[in-house]
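See structure below.
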Amino acid sequence: MEYRDTLNLPNTDFAMRANLVEKEPRIIEKWKDIDIYNYVQNQRAGCPTFVLHDGPPYANGDIHIGTAMNKILKDIVVRYKVLQGYRSPYVPGWDTHGLPIEHKVTTMLGAKAKTMSQMEIRKACEEFARQQIEVQKKQFQRLGVIGDWDNYYATLKPEYEYKIYEVFAKLVEGGYVYRAKKPVLWCHNCRTALAQAEIEYHDHVSPSIYVKFKMRDCDEFIVIWTTTPWTLPGNTGIAVHPDHQYVKVLVNGEIWILAEKLLESVMNELKVDQYRILETFNGKLLDGKVALHPLFERESRIIAADFVDMETGTGCVHIAPGHGEEDYEYGHLVHRLDVLSPVNEEGVFTDEAGKYAGIHIDKANRLIIDDLQAVGALVKEAKISHSYPHCWRCKKPVIFRATEQWFVSVEKNNLRKTVLEHIDDVMWIPSWGKNRISAMIQERPDWCISRQRVWGTPIPAFKCNDCQEVILDPVIIHHFANIVREKGTNAWFELSAQELLPQGYTCRKCGSENFSKMYDTLDVWIDSGCSFEAVLTTRPELTFPADMYLEGSDQHRGWFNSSIMLSVVKHNTAPYRIVLTHGFIKDEEGKKMSKSLGNVVDPLEVCSKYGADVLRLWLASSDYFNDIRISQNIILQQVEVYKKIRNTFRYLLGNLNDFSESDAVRFEKMLPVDKWALGRLQQIIKSVTEAYESYEFSRVYNILVRYCSVELSAVYLDIVKDRLYVEAKNSLQRRSAQTVLYHILRSLLVMLSPILAFTCEEGYEHFKSQKMKYDSVQVERWPEYHEEWIDKQIMTDFDELMKVRDQALKSLEEVRQAGLIGHSLDAKLLIKSNSQQTLDLLRRYSEYLEEFFIVSLVEVGNSDSELEIEVQKAVGEKCDRCWKYHPLTGTDQQFPNTCPRCARVLRAQKG
RNA sequence: GGGCUCGUAGCUCAGUUGGUGAGAGCGCACGCCUGAUAAGCGUGAGGUCGGAGGUUCGACUCCUCCCGAGCCCA
């Protein structure tokens with residue numbers, strides 16, 4: 001007779017081999033079929049809410065590992081909150097305007113782009129952006145992310161754009177918006193502003209000139225160096241380093257001022273061998289002194305700025321706030337030097353440039369150098385070849401040119417201070433995030449919100465054709481907002497100024513009714529920064545403020561920053577309660593990923609090779625608050641861990657095959673080992689819940705992985721195997737263990753489902769024969785923590801017993817190595833101790849010791865030492881059914897080669 | 001160059017307010033089992049806690065500097 005067939009062996013359809021690559025897409029189909037997002041929302045109708053507001057990724061190109069991480073983290077949070085009983089709506093969104101798309105689209109269009117109207121370019125950009133959204137949407141769904149994918153938000157949707165204007169109108173009403181000059185990169189050949197991304201660097205030969213400026217109050221000269229003589233008409237200052245030494249040197253009877261560090265190289269360059277240092281002093285002392293412009297009747301103020309370079313030049317830097325970024329930042333924003341921009345959009349000097357008016361800057365260098373020579377200010381002229389920015393389209397050198405831009409004032413109405421106060425009310429995780437964003441708000445200059453781009457949200461400003469007044473009026477903005485709501489922002493390009501203005505609108509300055517549209521667009525950070533208004537306050541299912549924003553730590557300067565600024569202006573509150581940030585993904589060595597290094601890991605490739613759950617598991621294993629690492633090896637490690645978890649599920653499912661809730665054994669009646677295991681489960685539930693509550697998913701991972709592989713697989717499941725297989729189906733011994741397995745499986749499926757979204761769903765489907773109630777594990781309830789299931793005495797007893805077990809395993813291994821036994825059931829254990837406490841402990845559990853140690857017999861006795869474990873070959877014959885040794889095995893008439901226990905079970909089974 | 005962050009076994013992570021001999025899981029090595037079997041079990045080997053100073057009776061834990069890495073700026 002095959003006794004094997006009389007055992008209760010595990011049985012389940014839950015395959016050992018995951019085959020996630022095929023299975024996951026099928027689960028995604030199932031989620032579609034049951035409309036998982038709305039199913040979950042309906043199940044949680046009326047529940048308290050937890051709103052995680054999605055920060056919009058840029059709709060351009062396939063998702064990369066970083067965007068995948070961000071979305072998965074959000075998904076984990078949302079799934080966890082739902083399991084905790086929250087209604088947690090998740091509306092994904094996309095950022096769609098701006099340069100990268102415009103750039104890409106015009107590049108794809110090639111020469112054709114030049115023949116297209118702004119409107120046609122915009123249409124092409126929109127089409128492209130919408131395609132990208134569809135692509136990314138599929139990819140995010142492949143990762144297992146649940147959200148309202150059918151009703152996503154996007155900054156190009158008219159209803160969104162409309163809200164941008166609501167916020168913008170508020171900014172204008174509040175007096176935050178002003179117009180001022182700021183240098184932007186400019187191509188005078190294409191007559192357009194350029195973004196940093198539209199610049200190429202090539203070598204270029206420029207003049208290199210040293211110029212001396214006479215000091216106003218004494219007969220000394222400060223010497224500057226520049227490679228752009230044409231910017232001298234824009235000079236309003238000279239910068240020196242506050243922490244470096246400067247010298248006054250006597251050269252040819254003149255006193256020159258320059259940096260000590262550069263003195264030698266300058267003198268070398270100027271071929272001056274006769275000079276004498278008269279004085280050495282700190283650069284700080286020059287701060288505030290005044291020099292005289294050599295070509296204009298104008299002063300040039302000396303300022304202290306620590307960006308001053310001590311490698312090239314003279315250490316005294318010519319500052320033209322209209323022609324350079326640093327010149328502007330330090331010269332104008334910090335030291336309030338005038339911003340002169342005497343150059344028009346074609347690169348021709350304007351009247352502001354005095355005698356140079358009408359001359360093209362390309363021809364001005366020569367003229368200016370000659371003039372400097374004539375007035376005796378030129379110290380030296382040479383040529384220099386250096387890397388210089390060029391236009392990406394026409395390949396010509398570009399310039400910095402100050403143009404009129406729109407700004408948001410950070411000081412108006414105490415905005416900066418108010419924002420800082422609201423930062424205080426937000427919970428920043430990790431906590432240093434608060435310091436980081438505070439510092440950024442503290443230091444940020446006024447916000448330049450205008451861009452000279454086509455693909456963006458138009459700034460509805462007009463210019464009076466009669467008096468040239470520039471008009472940005474809340475009345476117009478509201479009026480235009482309503483047009484946008486219907487027709488989208490394309491209306492700005494499609495309709496005439498008259499059609500866009502409220503009826504009878506007249507110029508506040510001259511009363512004219514003749515206006516022209518202006519064509520600046522808004523900085524895209526305004527677009528996305530308005531999402532609280534366009535999404536949170538607009539959608540009935542959401543709340544404002546959101547409970548959480550969750551993005552990479554680069555968003556302290558980006559989205560968190562723009563959002564809180566705008567939210568404080570609009571609603572006088574932060575738009576979020578919690579801001580959670582994650583780090584960036586690096587390769588195995590901790591290096592940044594880049595195509596050139598060839599260390600890029602593609603999340604979609606991981607999905608198609610190993611499965612999204614492996615990717616999700618990897619993420620959960622990492623301490624994502626900081627930078628984390630990924631590589632083939634690291635993924636392969638997670639594959640192993642995944643298998644372990646999967647097999648644990650499979651074994652639990654297999655052993656619960658014939659169990660239903662009605663078979664459950666009450667706690668009081670359970671066997672001690674089972675009580676202990678159930679108690680351990682409670683402790684696990686508690687610590688896992690705490691870890692999730694603090695968003696420390698790597699702790700969740702560590703606790704549960706250790707739980708599955710050590711406590712369950714290696715200990716409890718191994719111990720309980722004998723009972724489950726051998727005892728009668730309905731026996732208390734077996735049902736007691738199954739009851740615990742049932743709780744363990746249910747808890748594991750639920751607690752791991754935020755991470756292993758697919759596998760837990762699959763496991764849940766197989767578990768559903770146990771009368772689970774829902775269509776998806778996603779709407780199950782978080783396992784309850786039953787403190788009353790932690791029997792203190794049993795817990796401490798088993799802590800002690802585990803120590804004895806460790807010792808016993810070592811002894812067993814020694815004997816195994818000696819070749820005396822193979823399986824531990826071949827052995828008999830003699831556990832001896834001189835401690836009454838230990839002896840009492842062992843005797844208290846005497847009936848369970850064999851199963852606990854997984855041996856055929858345990859005897860307890862006295863010894864001289866604290867603990868002594870002797871291993872002997874078990875006495876008697878090996879039972880054909882349960883493989884344990886027993887002296888009476890083989891004595892039963894009816895069931896040969898069985899032990900008394902098995903014979904008893906078999907008799908009962910037959911009867 | 002500035003602000004912020006990180007650097008513990010091959011890999012991923014723990015290490016409370018400084019205090020007995022630095023831990024876990026995976027992987028690896030060796031062995032067992034063949035009724036979780038492309039599974040399961042056991043034992044074991046792996047770390048001068050990035051480096052150098054300093055504070056202290058005592059530091060992986062505090063301070064300084066250096067090296068390496070990242071984000072944001074310049």
message: How long is the straight-line distance from CZ of Arg444(A) back to CZ of Arg557(A), given to the nearest 0.5 Å?
response: 7.5 Å
query: Does Asp880(A) offer a backbone N or O that forms a donor-acceptor pair with the side chain of Asn897(A) under 3.5 Å?
result: no
message: Using heavy-atom distances to pick each residue's nearest nucleotide on RNA chain B, tell me which of Phe625(A) and Asp554(A) is more 5'.
response: Phe625(A)
task: Just call it for Gly654(A): base, sugar-phosphate, or nothing, with non-hydrogen atoms closer than 4.0 Å on any strand.
output: nothing
message: For a salt bridge (Lys or Arg N to Asp or Glu O under 4.0 Å) check, start with the C-alpha distance between Asp658(A) and Lys729(A), then their side-chain angles and the critical distance, and finish with the verdict.
response: CA-CA 8 Å; Asp658(A) 66 334; Lys729(A) 250 184 184 355; 3.7 Å; yes
query: Distance-only, no hydrogens or angles: does the Asp327(A) side chain make a donor-acceptor pair with backbone N or O of His323(A) under 3.5 Å?
result: no
field: Under 4.0 angstrom between Arg650(A) side-chain N/O and U37(B) OP1 or OP2
entry: yes
- prompt: Taking atom P in both G44(B) and G50(B), what distance in whole Å separates the two?
  reply: 28 Å
task: Choose from C11(B), C6(B), C72(B) the nucleotide whose nearest atom is closest to any side-chain atom of Asn626(A).
output: C6(B)
message: Within the 4.0 Å heavy-atom criterion, would you say Arg444(A) contacts the bases, only the backbone, or no part of the nucleic acid?
response: nothing
query: Roughly how many Å is it from CD in Glu329(A) to P in G2(B), rounded to a whole number?
result: 19 Å
task: Report the distance from atom CG of Leu849(A) to atom CZ of Arg805(A), rounding to the nearest 0.5 Å.
output: 13.0 Å
task: Under 4.0 Å between any heavy atoms, over every strand shown, what does Lys721(A) touch: base, sugar-phosphate, or nothing? Just pick one.
output: base
statement: Ranking A69(B), A36(B), C72(B) by distance to the side chain of Lys586(A), first place goes to A69(B)
message: Say we look at C13(B) and G3(B): how far apart would their P atoms be, to the nearest angstrom?
response: 28 Å
message: Reading 5' to 3' and counting Watson-Crick or G-U wobble pairs with both distances under 3.5 Å, write the dot-bracket notation for RNA chain B, | for bases paired outside the strand.
response: (((((((..((((.....[...)))).(((((.......))))).....(((((..]....)))))))))))).
- request: Could you check whether Asn655(A) gets within reach of a base, just the sugar-phosphate, or nothing at all, counting any heavy atom under 4.0 Å?
  value: nothing
- prompt: Hey, is G27(B) sitting syn or anti, using the within-90° cutoff around 0?
  reply: anti
message: Heavy atoms only, 4.0 Å cut-off, all strands: where does Arg629(A) land among base, sugar-phosphate and nothing?
response: sugar-phosphate
Greater than 12 external heavy atoms within 6.0 Å of Glu696(A)'s CD: yes
message: I'd like to know if the side chain of Asp674(A) pairs up with that of Tyr716(A) as donor and acceptor (distance under 3.5 Å, no hydrogens or angles considered).
response: yes
query: Can you tell me how far C1' of C41(B) sits from CD1 of Ile821(A), to the nearest Å?
result: 12 Å
field: Same-atom distance (P) from G58(B) to U48(B), integer angstrom
entry: 23 Å
- line: The contact string for nucleotides 25-31 of chain B, one letter per nucleotide 5' to 3', using protein heavy atoms under 4.0 Å with B, S and - for base, sugar-phosphate only and none, comes out as BSS---S
- request: Decide side-chain hydrogen bond (donor to acceptor under 3.5 Å, both in side chains) for Arg881(A) and Thr6(A); before the verdict, give the C-alpha distance in whole Å, the side-chain angles of both, and the deciding distance to 0.1 Å.
  value: CA-CA 8 Å; Arg881(A) 186 165 178 273; Thr6(A) 70; 2.6 Å; yes
Span that lies between the P atom of C65(B) and that of A24(B), in whole angstrom: 36 Å
- line: Testing C4(B), C13(B), C73(B) for proximity to the side chain of Arg436(A), the answer is C4(B)
message: Measuring only between side-chain heavy atoms, which start at C-beta, is Asn655(A) closer than 4.5 Å to Leu717(A)?
response: no
field: Rounded distance (Å) that lies between atom P of G10(B) and atom CD of Glu589(A)
entry: 14 Å
- prompt: Do we count Trp883(A) as stacking onto G35(B) if the rule is ring centres under 5.5 Å and planes under 30°?
  reply: yes
- request: Could you grab the distance from atom CZ of Phe560(A) to atom OG of Ser563(A), nearest 0.5 Å is fine?
  value: 8.5 Å
- prompt: What residues form a side chain to side chain donor-acceptor pair (under 3.5 Å) with Asn599(A), not counting sequence neighbours?
  reply: Asp587(A)
message: Using a distance-only criterion (donor-acceptor N/O pair, under 3.5 Å, no hydrogens), is the base of A14(B) paired with the side chain of Ser698(A)?
response: no
task: Provide the distance between the two P atoms, one in A74(B) and one in C67(B), to the nearest whole Å.
output: 24 Å
task: Report the distance from atom CZ of Phe584(A) to atom C1' of C72(B), rounded to the nearest whole Å.
output: 9 Å
- prompt: For Trp428(A) and C4(B), what is the distance between atoms CH2 and P respectively, to the nearest whole Å?
  reply: 17 Å
message: For a quick check of understanding: with a heavy-atom distance under 4.0 Å over all strands, which category does Asp880(A) fall into, base, sugar-phosphate or nothing?
response: base
Same-atom distance (C1') from G35(B) to C30(B), integer angstrom: 26 Å
- prompt: Taking the same atom, C1', in G51(B) and in A39(B), what whole-Å distance lies between them?
  reply: 46 Å
message: What is the separation between atom CE on Met440(A) and atom P on G2(B), rounded to the nearest whole Å?
response: 16 Å
query: OP1 or OP2 of A74(B) less than 4.0 angstrom from a side-chain nitrogen or oxygen of Tyr330(A), does that happen here?
result: no
- prompt: Between atom CD1 in Ile630(A) and atom P in U12(B), what is the gap in whole Å?
  reply: 11 Å
Leu9(A) side chain, from C-beta outward: closest of G35(B), G3(B), C71(B): G35(B)
field: Side chain of Ser713(A) (C-beta onward), nearest among U5(B), G40(B), G70(B)
entry: G40(B)
message: When the P atoms of G19(B) and C72(B) are compared, how many Å lie between them, rounded to an integer?
response: 37 Å
- request: Answer with base, sugar-phosphate or nothing: what part of the nucleic acid does Glu326(A) contact at a heavy-atom distance below 4.0 Å?
  value: sugar-phosphate
message: What's Leu7(A) touching, base or sugar-phosphate or nothing? Going by heavy atoms closer than 4.0 Å.
response: base
task: Examine distances only and state if a side-chain atom of Thr759(A) and a backbone atom of Leu756(A) form a donor-acceptor pair shorter than 3.5 Å.
output: no
